[in-house]
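Note on naming: letters A, B, ... go to the chains in the order of the sequence lines (proteins, then strands), and numbering restarts at 1 for each one. Values reported hereafter were calculated over all heavy atoms of this structure, with side chains retained and with hydrogens, waters and symmetry mates removed.
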Amino acid sequence: DAGVTQSPTHLIKTRGQQVTLRCSPKSGHDTVSWYQQALGQGPQFIFQYYEEEERQRGNFPDRFSGHQFPNYSSELNVNALLLGDSALYLCASSLFWAGGRTGANVLTFGAGSRLTVL
Amino acid sequence: GQSLEQPSEVTAVEGAIVQINCTYQTSGFYGLSWYQQHDGGAPTFLSYNALDGLEETGRFSSFLSRSDSYGYLLLQELQMKDSASYFCAVRLYSSASKIIFGSGTRLSIRP
């Protein structure tokens with residue numbers, strides 16, 4: 001089982017550019033959540049995708065958008081990059097929470113994509 | 001608002017026991033989880049308390065008291081490899097699709 005895979009692992013962009021980060025969930029998982037983690041802080045929820053729809057969104061501007069594909073993989077897009085967007089972006093997969101499935105409360109994280117905005 | 005408070009840093013000695021606390025201000029949640037993250041690594045799931053009480057998984061135990069708005073992670077027989085950051089997390093009733101995390105506790109183990 002490959003677990004959650006993310007790409008790229010590191011990238012450097014300049015202000016105003018756009019970036020796309022990719023995530024393949026753990027086999028058997030149908031839900032993907034994206035988190036932003038600044039250095040020394042806890043992961044901050046960006047949004048969650050299930051059945052190719054955004055199900056919940058955190059306190060992030062519309063510059064952050066995403067997509068989920070029929071194979072459950074997902075992309076995070078950030079437009080008009082700001083210096084403050086520099087962070088580790090984590091993808092986490094799970095089972096969808098509705099129905100009380102046990103696996104819904106266990107997030108499996110990828111190693112993350114570290115974005116540096118100059 | 002909804003918040004999870006943790007001590008920022010804790011230091012302990014190898015072989016000892018340490019408790020990492022998590023206090024919360026939230027209107028209601030499904031359960032309390034704990035995650036471990038080593039420097040440069042991904043967070044990994046440790047435990048989940050759906051109900052009040054103690055859950056034990058090997059050297060790690062987790063406790064939840066909803067009446068006291070309090071939970072903790074207990075690590076026994078500390079090993080150097082336990083040096084990491086630990087995060088508590090909850091799934092809120094008000095926005096059940098997302099799990100929110102505390103700011104984390106950095107645990108340092110001394111020989």
Check the hydrophobic clustering (I, L, V, M, F, W, Y; side-chain heavy atoms under 4.5 Å; chains of links allowed) and say if Phe45(B) and Tyr30(B) are grouped together.
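Same cluster: Phe45(B) reaches Tyr30(B) through Ile, Leu, Val, Met, Phe, Trp or Tyr contacts under 4.5 Å.
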For the student: nearest non-hydrogen atoms of Tyr48(B) and Asn105(A), plus distance:
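Tyr48(B) and Asn105(A) have their closest heavy atoms at OH-ND2, 3.4 Å.
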[X] [atom1]: over 12 foreign heavy atoms closer than 6.0 Å:
X	atom1	result
Asn71(A)	CG	yes
Glu77(B)	CD	no
Arg66(B)	CZ	yes
Arg15(A)	CZ	no
Leu51(B)	CG	no

Does any heavy atom of chain B fall under 4.5 Å from the side chain of Gln6(A), the backbone, both, or neither of them?
neither
Report which part of Leu90(A) has an atom under 4.5 Å of a heavy atom belonging to chain B: side chain, backbone, both, or neither.
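Only the side chain of Leu90(A) comes within 4.5 Å of chain B.
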Gln44(A), Arg55(A), Arg57(A), Gln37(A): which one forms the most heavy-atom pairs within less than 4.5 Å of chain B?
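With the most close heavy-atom pairs to chain B, the winner is Gln37(A).
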Choice from Gly40(A), Ser33(A), Pro43(A) maximising heavy atom contacts with chain B below 4.5 Å
Pro43(A)
Between Gln6(B) and chain A, with a heavy-atom cut-off of 4.5 Å, which part of the residue counts as in contact: side chain, backbone, both or neither?
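It is neither, since no heavy atom gets under 4.5 Å.
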Determine whether a donor-acceptor pair (N or O, by modelled atom type, separation under 3.5 Å) exists between the side chain of Tyr35(A) and the backbone of Phe101(B).
no
What residue in Ala42(B), Gly104(B), Pro43(B), Ser103(B) has the most heavy-atom pairs under 4.5 Å with chain A?
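Greatest number of close heavy-atom pairs with chain A: Pro43(B).
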